[in-house]
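The structure appears below as structure tokens.
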Amino acid sequence: MTRRVSIFGATGSIGQNTLDLIRRRREEFSVVALSGGRNVARLAADAREFGAELAVVADPALHAALKAALAGSGIEAAAGAEALVEAAARPAEWVMSAIVGIAGLAPGLAALEQGATLALANKESLVTAGPLLLAGAARHGATILPVDSEHSAIFQALVGEDVSAVERVIITASGGPFRDWPVSRLARASLEQALNHPNWKMGQRITIDSASMFNKALEVIETKEFFGFSPEQIEVLVHPESLVHALVGFRDGALMAHLGVADMRHAIGYALNWPRRRELPVERLDLARIGRLRFEPPDEARFPALRLAREVMATGGLAGAAFNAAKERALDGFIAGRIGFMDMARVVEAVLETLEASGALRADAVPPLDMVVRADHLARRQADAAMARLENAD
Ligand code: NDP
């Protein structure tokens, strides 16, 4: 019996790594749906190679192009946000959620509703709507497996453990390309410099988020949402080698670390093989050759995203949705050259302050999808206004 799998964000970095693992054991899987954002050529080629039932491109303007690229293959072609949700509702046992941004939330929820095991790379889902996602999984008896390397590491360190015996968790950050840069230099950091990650090869947006530590800020919130730890239990350590992904400290003082080379196929493969462990094509760690592992505290003055994450967790309600949306807009602004590197945190902070003061972040314990989406839109508009103010001030 083959295992039915779907991959959302198949054309991206995580999606391609997932397909690489599936390609190596083709006979075990049958591919239900693959999705891409705009890269029709990649999507169609992969859909043909893996004999997918359905391919979905997120941009509706590319529907005809996808149909043309799949002509004669018998593979269904669909387009748009609703088609993504419909594709995620198609019965599959294992679904990879690797769309970037909040666009990954609704397909992830739909996959849980049909009871699939959701391998969750899209951290934005947990940050914006953690309670909704967990409630969806519980209601439909579905499992969520973390794919972010830090969260996969925590998950693995907790196997067989009593979660109530956990004192603290430590997630590591490489420090990115700007680890040693002073604030004055950070303010002038260029897009090209931000894209130059020392250890990980990832999609463009997460690479810049790593340089600003917004990625780590999302991960801190993700840790709270997914595992239910309190903000005080979650620590961040800068670890330039990126070999220890996370550590879990127990109340007897033991600290369990997860180590591995910086290769996302590790965490993806763990989620694919769970609850078993199977051979993975990743380089083995040679600690004697590496010799030394460094750890240092993060500097929140240079990387204010971490401080903002704590504020988001203290505020609760829709603060995560607003934080993520403001961050996504600020990132667009930085990529477009509208604002500087350090301005991203200024924009996000301004949005959070305005929305909190207006009461717009208050919500019940499990805010529904439409409330999350409204908060997202509101925060994007506020972020645009904050960026316009910064531009005018120049
Ligand atoms: P990429 O940018 O490489 O890929 C993103 C994927 O999402 C692509 O398939 C892209 O399509 C698709 N996409 C983009 N916009 C939309 C949209 N509006 N609607 C639907 N699909 C869209 O990102 P990554 O693979 O690096 O990251 C994916 C997710 O995994 C993110 O949430 C990231 O934070 C998380 N993650 C990534 C890690 C990594 O090492 N890369 C590590 C841990 C987590 P297309 O390219 O065709 O336009």
Side-chain angles (χ1 to χ4, degrees), residues 6-20 33-47 55-62 65-66 69 78-85 87-88 96-108 110 118-128 145-153 171-174 176 195 197 199-210 212 214-219 221-223 226 242 245-246 260-271 282 324-325 327-328 331-332 335 376 380:
S6 288
I7 300 159
F8 291 84
T11 51
S13 166
I14 293 285
Q16 290 291 301
N17 276 311
T18 308
L19 286 175
D20 174 70
L34 295 181
S35 91
R38 307 203 74 242
N39 189 346
V40 166
R42 180 78 270 140
L43 178 61
D46 288 339
V56 188
V57 62
D59 185 344
L62 296 171
L66 181 62
E82 275 178 30
L84 282 172
V85 172
M96 167 54 79
S97 165
I99 288 174
V100 64
I102 193 169
L105 175 58
L118 187 69
L120 190 66
N122 177 266
K123 60 191 84 187
E124 297 88 344
S125 301
L126 277 170
V127 171
T128 57
L145 298 171
V147 170
D148 226 347
S149 55
E150 296 76 3
H151 304 79
S152 175
I171 60 176
T172 59
S174 70
L195 284 171
H197 197 282
N199 305 336
W200 290 96
K201 202 174 168 305
M202 308 178 283
Q204 185 190 55
R205 298 181 72 86
I206 186 175
T207 303
I208 303 167
D209 283 349
S210 294
S212 63
F214 266 109
N215 181 49
K216 211 47 57 181
L218 293 174
E219 287 174 8
I221 303 169
E222 187 186 2
T223 304
F226 186 75
S242 291
H245 304 307
V261 292
D263 184 336
M264 282 310 294
R265 290 177 304 175
H266 225 132
I268 297 167
Y270 183 80
V282 294
N324 178 66
K327 190 278 299 174
E328 285 191 15
L331 180 58
D332 292 337
I335 292 173
D376 175 278
R380 280 172 204 269

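Atoms within each ligand, like the ligands themselves, are counted from 1 in listed order. What you are looking at is a predicted structure, and each value in this text was computed from that prediction instead of being measured.
A donor-acceptor distance shorter than 3.5 angstrom exists from the side chain of Ser6 to the backbone of Ala33, with no hydrogens or angles considered. Counting only distance, with no hydrogens or angles, the side chain of Asp148 and the backbone of Glu150 share no donor-acceptor pair below 3.5 Å. Between the side chain of Asn122 and the backbone N or O of Gly101 there is at least one donor-acceptor pair closer than 3.5 Å.
With a 4.0 Å heavy-atom cut-off, ligand 1 is reached by the backbone of Val100 and by its side chain too. With a 4.0 Å cut-off on non-hydrogen atoms, Arg205 does not touch ligand 1 at all. Residue contacts with ligand 1, taken as heavy atom pairs separated by less than 4.0 Å, involve Ala121 via backbone and side-chain atoms alike.
No side-chain N or O of Gln16 forms a donor-acceptor pair with one of Asp20 less than 3.5 Å apart. His245 and Thr172 share no donor-acceptor pair across their side chains, judged by distance under 3.5 Å alone. Under 3.5 Å, the side chains of Lys123 and Asn215 contain a donor-acceptor pair of N or O atoms. Neither side chain, Thr11 nor Asn39, offers a donor N or O lying under 3.5 Å from an acceptor on the other.
Distances from ligand 1 to the non-hydrogen atoms of Ala98 include at least one value under 4.0 Å.
Considering backbone and side-chain N/O of Ser35, none are found under 3.5 Å from N/O of ligand 1. Residue Asn39 has at least one nitrogen or oxygen atom sitting less than 3.5 Å from a nitrogen or oxygen atom of ligand 1, judged on distance alone. Among the atoms of Lys201, none of the N or O lies under 3.5 angstrom from an N or O of ligand 1. Backbone and side-chain nitrogen or oxygen atoms of Ser13 are examined, and one is located within less than 3.5 angstrom of a nitrogen or oxygen of ligand 1. Residue Gly101 has no N or O atom closer than 3.5 Å to an N or O atom of ligand 1. Distances between N or O atoms of Asn215 and those of ligand 1 include no value under 3.5 Å. Note: no N/O pair closer than 3.5 Å links Ala58 and ligand 1 by distance alone.
Ligand-side atoms of ligand 1 in range of Ala103: 17 (C), 18 (N), 19 (N), range being under 4.0 angstrom from any heavy atom.
With respect to atom 36 (N) of ligand 1, the closest heavy atom belonging to the protein is Ile206 CD1, 3.6 Å. Protein heavy atom at the shortest distance from atom 25 (O) of ligand 1 is Ile14 N, 2.9 Å. Closest protein heavy atom to atom 13 (N) of ligand 1: Gly37 CA, 3.9 Å. At the shortest separation from atom 44 (C) of ligand 1 among protein heavy atoms lies Asp148 OD1, 3.2 Å.
Salt bridge present: Asp332 and Arg205 bring a charged side-chain N and a carboxylate O closer than 4.0 Å.
In this structure, Leu126 and Ile221 have side chains that are not in contact, with every pair of non-hydrogen atoms separated by 4.5 Å or more.
In this structure, of Ser152, Ala10, Gly203, the residue bringing a heavy atom nearest to atom 2 (O) of ligand 1 is Gly203. One option in Ile99, Leu120, Thr18, Val127 has a heavy atom closer to atom 31 (C) of ligand 1 than any other, and that option is Ile99. Here atom 41 (N) of ligand 1 lies nearest to Met202 when heavy atoms of His197, Gln16, Lys123, Met202 are compared.
Atom OG of residue Ser149 and atom CD1 of residue Ile171 lie 9.5 Å apart, to the nearest 0.5 angstrom.
Among all heavy-atom pairs drawn from Gly15 and Ile7, the shortest one is CA-CG2, 4.1 Å.
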